[in-house]
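Each remark here refers to the structure printed beneath this line.
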Amino acid sequence: MAEFTVEIPAAKAEMCGNYLDHNLEITKIECRKFLEEVLEQIKEENMVYPRQQV
C-alpha cells in the first residue's frame, strides 16, 4: 500500500457516496504507522485488538 500510485478505485462522486474519504496520502501514513508500530514490533500487547471500555 505504501507504494500504491495509481488512481484509487471509486474515488469520484459518481462512483461512491464516500469518495471524499478516499485519501491516498492519509492511507499511506496510516499503513506506514501500522507497519512500524505493530508489524515490525510484534509484541504480546499488539496481538490483541483493543476493546472500548463500556
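Worth saying up front: this structure is predicted, and the values here are computed from it rather than measured. Only this structure's heavy atoms are used, side chains among them; waters, hydrogens and symmetry mates stay out.
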If you look at every heavy atom in I42 and L39, which pair is closest and at what distance? CG1-O, 3.4 Å
Looking only at heavy atoms, which two atoms of L24 and V6 are closest? And how far apart? CD2-O, 4.4 Å
Atom CD of Q41 and atom CG of L35: how far apart are they, to the nearest 0.5 Å? 10.0 Å
How far does CD of E30 sit from NZ of K28, to the nearest 0.5 angstrom? 14.0 Å
